[in-house]
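What you are looking at is a predicted structure, and each value in this text was computed from that prediction instead of being measured. Residue indices begin at 1 and follow the sequence shown.
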Amino acid sequence: MRKRSPSLSLSSYGSGWSANRRIAIVAAAAVLLAIAGVVALLTGGGNSHQAPGAVAPAPTGSPSSSEAAPKPSSGSGSVPKPPQISEPIAYAKAAAQMLWSYDTRDTSRDQQLAGMRAWMTAETKYADWASVSGQVPDPVLWSRMADQDQHATAHVTEGHYPSAFKQALAEDPSAITEAYIYVVTVNGKQTLSWKKGGGGAEERAVTLAVQCRPNHDCTLAAIAPSVTQ
């Protein structure tokens with residue numbers, strides 16, 4: 001039986017979106033309440049997506065579910081800067097690629113978190129940072145990953161609005177015009193590598209809440225606790 005690797009992956013976010021952020025998102029983007037499928041997404045219902053690990057010498061561990069973002073002075077290592085994109089699906093695809101890519105050889109855990117934080121909306125009313133920071137392994141596990149030179153690249157195959165979101169938006173297009181938060185599901189593949197030629201590839205999927213106000217670049221608001229197609 002193969003051992004699973006410690007990996008930065010979009011596994012199930014166990015506690016779901018925080019209550020305050022969930023209430024803010026629901027209140028501002030009433031379109032998300034139009035049908036039960038999207039309500040379930042916001043409240044953490046349904047089957048969560050669990051991404052499997054690949055082969056590696058070190059054991060897995062639990063990611064940190066919430067913590068303050070490191071100060072910008074810590075730098076962002078290999079984490080790319082957010083692109084200047086004003087289209088929700090394009091931004092979500094770029095965000096997913098960022099979330100599925102990392103390099104412990106030249107990026108500390110604090111740098112990883114700082115780089116990810118730069119993608120978040122500055123509107124704290126809608127930003128669920130805990131759902132994003134919770135994807136990063138705890139300090140001990142990150143250190144073990146670094147000992148093995150673990151790194152990952154990602155290839156995004158497609159992004160789309162879930163059918164439930166499209167239906168709700170079609171039924172009430174004006175409901176989204178307070179927060180301009182869009183629900184986007186992205187699919188792709190993550191390739192893992194570590195010392196001595198170790199590696200593996202895994203399919204990935206994630207549903208993101210992306211804020212794209214008119215005449216502004218998009219930002220990331222939250223990672224959904226489960227994937228909605």
Side-chain angles (χ1 to χ4, degrees), residues 1-15 46-65 67 76-83 89-117 119 130-160 162 184-208 220 222-229:
M1 180 179 295
R2 299 193 311 169
K3 294 181 180 179
R4 292 179 181 271
S5 69
S7 62
L8 181 62
S9 63
L10 292 166
S11 57
S12 170
Y13 180 59
S15 59
N47 295 323
S48 298
H49 171 73
Q50 179 70 38
V55 181
T60 56
S62 300
S64 171
S65 60
E67 58 186 285
S76 59
S78 62
V79 182
K81 294 181 179 179
I89 292 179
Y91 189 86
K93 289 167 67 175
Q97 184 165 16
M98 177 274 295
L99 290 166
W100 294 333
S101 304
Y102 62 91
D103 195 336
T104 64
R105 297 171 300 180
D106 59 14
T107 304
S108 69
R109 183 175 181 275
D110 279 354
Q111 288 175 321
Q112 185 73 29
L113 287 167
M116 293 165 68
R117 184 65 181 86
W119 289 66
S131 69
V132 178
S133 65
Q135 308 307 312
V136 180
D138 62 47
V140 173
L141 181 55
W142 185 272
S143 177
R144 292 178 180 175
M145 291 163 62
D147 290 342
Q148 298 299 325
D149 291 343
Q150 188 161 316
H151 53 286
T153 57
H155 173 67
V156 171
T157 55
E158 67 87 36
H160 64 275
V184 183
T185 293
V186 181
N187 291 281
K189 178 179 290 186
Q190 182 187 53
T191 301
L192 298 163
S193 302
W194 51 86
K195 282 183 177 180
K196 298 180 180 179
E202 300 170 347
E203 299 297 325
R204 295 287 191 223
V206 64
T207 297
L208 304 173
L220 180 62
I223 296 175
S226 58
V227 175
T228 298
Q229 296 292 350

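Across every non-hydrogen atom of A96 and V206, the tightest pair is CB-CG1, 4.1 Å. In terms of heavy atoms, V79 sits closest to M116 at CG1-N, 4.0 Å. Closest non-hydrogen pair, S108 versus W142, comes out as C-NE1, 3.6 Å. Q229 approaches A205 most closely through the heavy-atom pair NE2-CB, 4.3 Å. Heavy atoms only, all atoms of each residue included: A146 and T104 are closest at CA-OG1, 3.3 Å. The nearest pair of heavy atoms linking Y91 to W119 is OH-O, 3.1 Å.
Take H155 and apply the side-chain hydrogen bond (donor to acceptor under 3.5 Å, both in side chains) test, not counting sequence neighbours, and it matches no residue. Residues satisfying the side-chain hydrogen bond (donor to acceptor under 3.5 Å, both in side chains) test with S193, not counting sequence neighbours, are none. The side-chain contact (heavy atoms from CB on, under 4.5 Å) check on A154 picks up Q97, W100, S101, with sequence neighbours excluded.
Between the OG atom of S143 and the CZ atom of R109 there is a distance of 11.5 Å, given to the nearest 0.5 Å. Taking CD of E158 as the start and CD1 of I89 as the end, the distance is 8.5 Å to the nearest 0.5 Å. For the atom pair CD (Q112) and CG (L99), the distance works out to 9.0 Å, reported to the nearest 0.5 Å. Distance check: Q111 CD to D106 CG gives 8.0 Å after rounding to the nearest 0.5 Å. To the nearest 0.5 Å, the span separating CZ on R204 from OG1 on T157 amounts to 13.0 Å. Atoms CG and OG1, on L192 and T153 in that order, are 8.0 Å from each other to the nearest 0.5 Å.
No donor-acceptor pair under 3.5 Å is formed between the side chain of S131 and the backbone N or O of A222. A donor-acceptor distance shorter than 3.5 angstrom exists from the side chain of T207 to the backbone of T228, with no hydrogens or angles considered. A donor-acceptor contact shorter than 3.5 Å is absent between the side chain of K196 and the backbone of Q148.
The local environment of NZ in K189 is sparse, with at most 12 non-hydrogen atoms from other residues, nucleotides or ligands closer than 6.0 Å.
Using a 4.5 Å heavy-atom threshold, the side chains of N187 and H160 count as touching. Side-chain contact between Q190 and Y102 is present, with heavy atoms from C-beta onward closer than 4.5 Å.
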